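Each ligand, and each atom within it, is numbered from 1 in the order the structure gives. None of these values were measured; they are calculated from a predicted model. Along the sequence shown, residues are numbered consecutively beginning with 1.
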Amino acid sequence: MGIYDSTFLAYVCITVVLFQLSRFLLAGLYNHFLTIRLGIKFVDFKYLGKWAVVTGCTDGIGKAFAEILAEEGMSIYLISRSQDKLDELAKSISAKYKVDTKTLAIDFSQGDEIYSLIEKHLAELDIGVLVNNVGLSYSYPEYFLNVENRDALFKDIIRINCVAVVDMCKIVLPGMVERKRGAIINVSSLAAKIPHPLLSVYSASKAFVDKFSVDLGLEYESSGITIQSLLPGYVATKMSKIRGESLMAPSPKTFVMNAIRTLGVHGRTTGYFPHTVMDYLMNTITPQLVNMFVLNALLSLRKRAIKQKNKAQAQAQPGY
Ligand SMILES: NC(=O)c1ccc[n+]([C@@H]2O[C@H](COP(=O)([O-])OP(=O)(O)OC[C@H]3O[C@@H](n4cnc5c(N)ncnc54)[C@H](OP(=O)(O)O)[C@@H]3O)[C@@H](O)[C@H]2O)c1
């Protein structure tokens, strides 16, 4: 190859890289910053239907979805485990946003019978939005064979993270298809896309949610239904055990305010620009380096959690 050919090739490569990078940055800037600052919405939530159903809604990301969808004028159907927390949230949403609310106490770790109950309660409602948010993870990162109560925990993770998503779609989608309008947000996790050792059952369950959502989205796009796979990085909630919010671990409200603007724009997204940058970097850097980095980070979380657990156990001993 002559010197002119290789210079030409180098220019082509640099142009392609610069083009991809500016596309990524401009799309990020537009979707994650300008739309929020300018108040641009891609979805008219009230047009989609009267009700938004949110699972796992009394805390964290689910609670933020319930409040932000109520702010958009939707009536909220709250489904979570504890009736007292549901009542309190329903009362505060109705008072603050002047919308109707309904509640249903359901434990998604239970068997198939819960879905006939949910179906009975949701029948006849004009449901515009379903947020499949409820999720369960390990209490701390741990080797597969060392996870405490692993038989029960792994089954619960699969029931809560996977079965609930499929069964809730089975209940809500027929009405949406009939009305030719609706949106389903399935909360997966960035753990589905990047290596996540020591949380392998959780991350695999989230990969299921991601793949299911993308393919279901393609099936029902032409019926007027938007289905989104939402893959957040860390958000400061009870599940992540992150107390203070930061740029990389936003509060649930900041996260959902960003994520909701991506509905109708991205079928598969982290929903939050700093998480999109992290995803981009993790998928650009050499896999060996990413694996090493993530494993070390999760091993140090594991070490800290075990130390805290041992300390708490020692303090609980009589005579401490
Ligand atoms: N936080 C993160 O960093 C992060 C990152 C990526 C993805 N996600 C995903 O985001 C979703 C929400 O997580 P989060 O961090 O917001 O969780 P969270 O703060 O722990 O809240 C979980 C909610 O689900 C309810 N819930 C828990 N178990 C339930 C069950 N068996 N049946 C019914 N409701 C149940 C809880 O209420 P009750 O206890 O009152 O029932 C609570 O309202 C999950 O799918 C999670 O995997 C979270």
Identify the protein heavy atom lying closest to [atom], giving its residue, its atom name and the separation to 0.1 Å.
atom                    : answer
atom 12 (C) of ligand 1 : Asn133 OD1, 3.1 Å
atom 33 (C) of ligand 1 : Ile106 O, 3.1 Å
atom 5 (C) of ligand 1  : Gly233 O, 3.1 Å
atom 24 (O) of ligand 1 : Gly56 CA, 3.2 Å
atom 17 (O) of ligand 1 : Met239 CB, 3.7 Å
atom 35 (C) of ligand 1 : Val134 CG2, 3.4 Å

I need the atoms of ligand 1 closer than 4.0 Å to a non-hydrogen atom of [X], numbered in the order shown.
X      : result
Gly135 : 44 (C), 45 (O)
Ser188 : 7 (C), 9 (C)
Asp107 : 30 (C), 31 (N), 32 (N)
Tyr234 : 3 (O)
Ile160 : 31 (N)
Lys206 : 44 (C), 45 (O), 46 (C), 47 (O)
Ser82  : 38 (P), 40 (O), 41 (O)
Val187 : 9 (C), 10 (O), 11 (C)

Checklist entry - Looking at ligand 1, does Ser137 have a heavy atom less than 4.0 Å from it? => result no
Item to check | Heavy-atom gap Ser80 to ligand 1 smaller than 4.0 Å | outcome: yes
Next on the checklist: Within the 4.5 Å heavy-atom criterion, are Gln308 and Lys311 side-chain neighbours or not?
Outcome noted: no
Item to check | Partner of Ser229 under side chain to side chain donor-acceptor pair (under 3.5 Å), chosen from Asp215, Asn186, Asp210, Thr269 | outcome: Asp210
Next on the checklist: Please state which option from Asn186, Val235, Val165, Ile61 has its nearest heavy atom closest to atom 48 (C) of ligand 1.
Outcome noted: Ile61
Next on the checklist: Check this for me, if you would: do Glu148 and Lys309 make a salt bridge, where the nitrogen-to-carboxylate-oxygen distance has to be below 4.0 angstrom?
Outcome noted: yes
